[in-house]
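One structure is given below, encoded as structure tokens.
Reminder, nothing fancy here: chain letters follow the sequence lines and each chain counts from 1.
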Protein chains: 4
Amino acid sequence: MFITIDEKDRRPIYLQVVDEIKTLIARGELREGTQLPPVRQVAANLGVNLNTIATAYRELQEEGLISIKHGAGAVVTRSRANTINSDDELRRPLRGALTQFVLAGLSSKEILEIVAEELKQLVKGAN
Amino acid sequence: MFITIDEKDRRPIYLQVVDEIKTLIARGELREGTQLPPVRQVAANLGVNLNTIATAYRELQEEGLISIKHGAGAVVTRSRANTINSDDELRRPLRGALTQFVLAGLSSKEILEIVAEELKQLVKGAN
Amino acid sequence: MFITIDEKDRRPIYLQVVDEIKTLIARGELREGTQLPPVRQVAANLGVNLNTIATAYRELQEEGLISIKHGAGAVVTRSRANTINSDDELRRPLRGALTQFVLAGLSSKEILEIVAEELKQLVKGAN
Amino acid sequence: MFITIDEKDRRPIYLQVVDEIKTLIARGELREGTQLPPVRQVAANLGVNLNTIATAYRELQEEGLISIKHGAGAVVTRSRANTINSDDELRRPLRGALTQFVLAGLSSKEILEIVAEELKQLVKGAN
DNA sequence: GTGGTCTAGACCACG
DNA sequence: GTGGTCTAGACCACC
């Protein structure tokens with residue numbers, strides 16, 4: 001399982017890890033029932049503190065994506081969900097992201113092509 | 001100029017303000033040369049600290065979207081076309097937003113429709 | 001003897017087992033002198049680690065509710081009347097439970113009715 | 001605002017703090033809109049680490065009882081709630097607490113008296 | 001061996 | 001001055 005963190009990214013590391021794992025689940029690379037690597041192992045791989053990864057795992061558990069069992073590791077509990085958020089909670093970040101592209105001067109057509117491309121990348125090889 | 005902040009939104013207030021103004025610029029509601037309202041006025045309207053709005057304006061200036069002149073207020077300096085955003089800096093938030101939709105169980109087709117809809121909303125009435 | 005564990009329950013499994021057995025004793029379904037099923041059998045039934053059940057039994061022994069004899073299994077040694085629990089140790093969890101009901105907006109009268117109901121359920125068929 | 005932690009209590013400190021504050025809210029001693037003391041101040045008072053209290057506050061926020069604003073402290077957002085848990089999530093701890101009393105040999109009548117007493121203590125002076 | 005909690009202390013972000 | 005994040009490392013609880 002490949003996770004990378006970006007020094008230049010201003011988001012906290014634990015959130016980067018959360019998002020990376022979310023993406024892996026969304027892409028189907030981490031399926032329901034898959035065991036996640038131990039907190040300590042991920043921390044060592046990324047060269048960050050144990051607690052940072054523990055925080056990320058906890059967040060994923062709170063969102064219902066994984067299940068952590070004390071002493072028995074963490075397991076993916078959902079590959080594609082249905083319990084989530086209000087529509088608006090989903091759309092706000094999308095609107096923000098699209099705004100950036102508009103500001104960059106891209107046309108709607110160009111933006112839609114980029115979205116399609118990213119989306120294809122995201123669901124590649126998924127069920 | 002209507003700006004609103006969302007209590008439930010976990011992002012810092014100043015970033016919410018930044019994004020709202022960006023959206024207004026992207027939509028063409030704030031055009032090049034337009035004077036932004038004084039920091040104090042915006043702060044009073046939203047009921048937030050003066051520094052919060054000042055930080056937002058500073059951020060917008062650093063991104064090159066507005067120009068702040070001491071004693072003369074802030075002016076929009078660009079309506080479109082960005083300079084700094086690397087391709088990846090632009091795409092990362094998009095990827096994050098799309099991931100949430102995929103996790104929510106929506107099909108690529110459905111997601112693209114939502115994106116098209118949001119995009120239409122965003123450029124409506126723009127130049 | 002029916003024991004179940006709840007995946008969603010955040011308490012450790014061994015404590016869930018302890019509490020279930022305590023309830024069975026309190027309800028009189030497990031009487032003094034009754035042989036408890038072997039650790040291995042319970043573990044197999046619940047699909048959990050052997051040590052988890054062993055820990056539960058050990059805890060029950062420390063509280064004086066059962067007696068574990070090497071090679072001879074575990075036996076219930078008491079149906080009622082405790083020794084260790086200080087008054088405060090007993091009341092703290094009660095207070096916590098009641099707090100939740102108050103926070104949920106229930107009136108004292110409603111809460112007392114629920115308590116009476118649960119209590120009736122608990123001692124039903126006991127000696 | 002008086003909070004105390006109990007060395008002998010086996011629950012983690014941050015949970016003790018959470019429960020104490022919940023009780024204060026349930027009793028009406030902390031009302032909606034009340035500002036909570038700064039994390040650092042509580043930590044200093046109790047002689048524990050800053051992070052321990054921060055974790056407690058975060059937990060309270062996740063349960064919707066308080067609202068934390070970065071740089072602006074924490075505020076109680078609910079005095080008596082209605083959004084909470086499933087009925088079973090509420091009753092399970094109650095059942096556990098009552099079981100202990102039954103095991104201690106108390107009669108239903110005695111237990112009900114204790115519950116009434118605790119409840120009276122809990123809502124004393126509340127609206 | 002796994003995750004959970006806590007500490008002491010640093011540095012950053014926010015209002 | 002407020003809370004947020006992170007580190008390094010200890011010790012405990014659980015399976």
#### Entry: Any D/T52 side-chain nitrogen or oxygen under 4.0 Å from OP1 or OP2 of E/dT7
yes
### Task
Would you mind reading off the distance between A/Q41 atom CD and E/dT2 atom P, rounded to a whole angstrom?
8 Å
### Task
Would you please enumerate the stems DNA chain F participates in, each stem being three or more consecutive Watson-Crick or G-U wobble pairs with both distances under 3.5 Å?
E:1-14 with F:1-14
#### Entry: Whichever of D/A54 and C/R11 has its nearest DNA chain F nucleotide further upstream toward 5'
D/A54
### Message
Ignoring hydrogens, what is the shortest heavy-atom contact between D/T55 and D/Y14? Give both atom names and the distance.
### Response
CG2-CD1, 3.6 Å
### Message
With heavy-atom distances below 4.5 Å as the criterion, would you say the side chains of D/L46 and D/I53 are in contact?
### Response
yes
### Message
Does F/dT5 have OP1 or OP2 under 4.0 Å away from a side-chain N or O of A/Y14?
### Response
yes
Could you list the protein-to-nucleotides 9-12 of chain F atom pairs, N/O on both sides, closer than 3.5 Å?
{"from": "F/dG9", "atom 1": "O6", "to": "A/N51", "atom 2": "ND2", "distance (Å)": "3.1"}

### With A/Q16 via side-chain hydrogen bond (donor to acceptor under 3.5 Å, both in side chains) - residues at least two apart
none
### Query
With a cut-off of 6.0 Å (strictly less than), are more than 12 heavy atoms of other residues, nucleotides or ligands near CZ of C/R40?
no
### Message
Tell me the closest heavy-atom pair linking C/V39 and C/L50, and the distance in Å.
### Response
CG1-O, 3.5 Å
### Message
Between the side chains of D/D19 and C/R92, is the shortest nitrogen-to-carboxylate-oxygen separation below 4.0 Å, so that they form an ion pair?
### Response
no
### Message
On a heavy-atom basis, which atom in D/V42 and which in D/P37 lie closest, and how many Å separate them?
### Response
CG2-CG, 3.5 Å
